[in-house]
Amino acid sequence: MTFATDNLVFDPQIIRRFDISGPRYTSYPTADRFVEAFDAEALKLWLGKRNIGGISRPISLYFHIPFCNTICYYCACNKIITKDHGRSAKYIKYLGKEMALQDQYLDGDREVTQLHWGGGTPTFLSHDEMRQLMAMTRQHFKLADNAEISIEVDPRKVDRETVALLGELGFNRMSLGVQDFDERVQVAVNRVQSEEETFNVMDAARKNGFQSISIDLIYGLPQQTLMGFNRTLERVLAMDPDRLSIYNYAHLPNHFKPQRRIHEDQLPHPDTKLQILSLAIRKLTEAGYVFIGMDHFAKPNDELAIAQRQGRLHRNFQGYSTHADCDMLSFGISSIAKVGPTYSQNVRTLDEYYDSLDNGILPVLRGIELTADDLLRRSIIQALMCHFEISIESIEIAHLIDFKHYFAEELSDLAEMERAGLVKVDDKWITVLPPGRLLVRAISMVFDKYLRADRQRTRYSKVI
């Protein structure tokens, strides 16, 4: 069934036609294009260049906490399943070592406008470990008075006392993993979580001053049905979160071992997945949520919706963000940093991480220094993903190019999407039309030079 909202058209025939595999564009170039030639010495160099010209960007901090008590079969994150809290105590100590080491090379102001703890399960940490990590952070950085300080929370592992501590430590935003309240789905993915647990955490967060609460759902999980997900949506909407993310489950068992425990014959049919997505979009928009992009929805007065209206929306490794001009410094295994025109990713295992820091070396596995072409294409993909339009004149002025000549091949490829009603191309603008907004990843892929040279996309998830 085709239907339209104010800024979105859901057309299943168009979606089936253009539903290809591709990146989520939390960066460009994407992390799989990073190279090992960009190493610790390269990151040191760029940390020291932050204040070139006397101006340094604000800082966004990311801490990867990889530990989980139990495994969720759908998960594709870099995680360590353990019940041994001695492992997290050691890890916190080494996060402090990494901060101190970066501090030696870091030039410019140290004011932080954003901070995020992700995982894994950040609330695996004990209360003392949480206090210790935040104290070390404040030792090396200055958190702005209005900083966005956020954390990913597993409601099964958090009580009201922990939420109160998070508020005391300065956290003011929270993302809650729910995925689905249907008990059959929860059993199939090894994540049994009650509505009461979820509601209690949300209630405690509101009572402790959290300004924005987000809920994550996933469609396409085993045993999922249209009726079951409808009940989940009704229960979630009754909890009145500020934001919702509805992610597509990408079944890639060859890439992510835990997914091998999911029985493929229990996965919903592709048509059922489309019906679930259609239902979710309709119910969320009817409830007043604004479609931000890809899989994100927010209330009209939420910061993401305001940032989108004001043209300030940005996309980074945590998804959509309200701060476009930050350098992102990242800590912990597999975390990804963005400093100036570079990206760098840390080593993936604890042994490599500890060994590198014990030797006084930044634990960089790989990275990339962006070329002028990378920066140009990144600006285009960012504009499409965040604002659904490109000002051709602005791109030409900023990057000193003739757009139509430079992107002749890309504009030719866009012609099919234009005929299908996904985009409109004229002399001044490229605009993603409402039927194309759910497919913005596929549209953005047209401008990805690396994908043009490498059509092998099995490592990516489907757009829808």
Side-chain angles (χ1 to χ4, degrees), residues 4-9 14 18 22-30 55 57-58 290-296 298 300 303-316 319-327 338 340-341 343 370-452 463:
T5 69
D6 289 343
N7 62 354
L8 192 64
V9 171
I14 290 289
F18 291 96
R24 295 181 60 80
Y25 291 117
T26 50
S27 71
Y28 180 84
T30 51
I55 300 173
R57 296 181 188 86
V290 175
F291 177 64
I292 300 297
M294 282 183 57
D295 30 40
H296 284 61
E303 295 154 320
L304 279 185
I306 294 169
Q308 187 177 58
R309 289 197 297 272
Q310 295 178 347
R312 296 184 294 104
L313 194 66
H314 181 64
R315 189 157 173 79
N316 61 26
Y320 286 102
S321 166
T322 58
H323 292 267
D325 57 346
C326 291
D327 279 335
K338 170 185 170 287
Y343 296 111
L370 277 64
T371 65
D373 179 76
D374 291 334
L375 292 167
L376 164 61
R377 292 173 186 272
R378 181 172 75 176
S379 67
I380 289 171
I381 289 170
Q382 277 277 347
L384 289 170
M385 298 291 287
C386 295
H387 310 298
F388 300 118
E389 63 182 7
I390 304 165
S391 166
I392 291 174
E393 182 181 20
S394 295
I395 294 290
E396 289 180 327
I397 292 170
H399 296 273
L400 302 176
I401 62 158
D402 179 325
F403 194 98
K404 288 186 178 178
H405 176 73
Y406 197 100
F407 291 112
E409 190 177 352
E410 287 81 356
L411 289 170
S412 175
D413 287 352
L414 277 181
E416 182 186 0
M417 292 180 169
E418 188 171 22
R419 288 192 294 272
L422 303 187
V423 295
K424 178 184 177 186
V425 182
D426 59 34
D427 290 339
K428 294 184 177 180
W429 295 89
I430 296 175
T431 306
V432 181
L433 300 173
R437 292 192 169 189
L438 281 173
L439 295 160
V440 69
R441 280 168 67 188
I443 296 166
S444 298
M445 286 164 61
V446 171
F447 292 93
D448 187 329
K449 185 179 77 171
Y450 297 89
L451 274 185
R452 301 184 77 81
V463 170

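Values reported hereafter were calculated over all heavy atoms of this structure, with side chains retained and with hydrogens, waters and symmetry mates removed.
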- Item | Pair Arg24 + Asp295, salt bridge at N-O below 4.0 Å |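 Looking at Asp295 together with Arg24, the answer is yes, because their closest N to O distance falls below 4.0 Å.
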
- Message: Any salt bridge linking Lys404 with Asp427? Criterion: basic side-chain nitrogen under 4.0 Å from a carboxylate oxygen.
- Response: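 Looking at Lys404 and Asp427, the cut-off is met.
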
Under 3.5 Å donor-acceptor, [X] side chain and [Y] backbone:
X: Asp374; Y: Thr371; answer: yes
X: Arg377; Y: Phe447; answer: yes
X: Glu418; Y: Val425; answer: yes
X: Arg441; Y: Pro23; answer: yes
X: Ser444; Y: Val440; answer: yes
X: Gln382; Y: His314; answer: no
X: Arg309; Y: Pro300; answer: yes

State, to 0.1 Å, how close [X] and [Y] come at their nearest heavy-atom pair, and which atoms those are.
X: Pro29; Y: Ser27; value: O-OG, 2.8 Å
X: Ser321; Y: Asn316; value: CB-ND2, 3.7 Å
X: Phe291; Y: Gln308; value: O-OE1, 3.7 Å
X: Asp327; Y: Arg57; value: OD1-NH1, 3.3 Å
X: Pro435; Y: Ile14; value: O-CG2, 4.4 Å
X: Tyr320; Y: Cys386; value: CE2-SG, 4.0 Å

Gap between atom [atom2] of [Y] and atom [atom1] of [X] - 0.5 Å precision:
X: Asp373; Y: Tyr406; atom1: CG; atom2: OH; result: 3.5 Å
X: Thr26; Y: Met385; atom1: OG1; atom2: CE; result: 8.5 Å
X: Ile430; Y: Phe388; atom1: CD1; atom2: CZ; result: 15.0 Å
X: Arg378; Y: Tyr343; atom1: CZ; atom2: OH; result: 4.0 Å
X: Phe407; Y: Leu376; atom1: CZ; atom2: CG; result: 4.0 Å
X: Phe18; Y: Glu416; atom1: CZ; atom2: CD; result: 4.5 Å

[Y] side chain reached by [X] side chain, heavy atoms, under 4.5 Å:
X: Tyr28; Y: Lys449; value: yes
X: Leu414; Y: Ile443; value: yes
X: Val446; Y: Arg452; value: yes

- Task: Return yes when atom CD of Glu393 has more than 12 non-hydrogen atoms of other residues, nucleotides or ligands closer than 6.0 Å, and no otherwise.
- Result: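 Result for CD/Glu393: open.
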
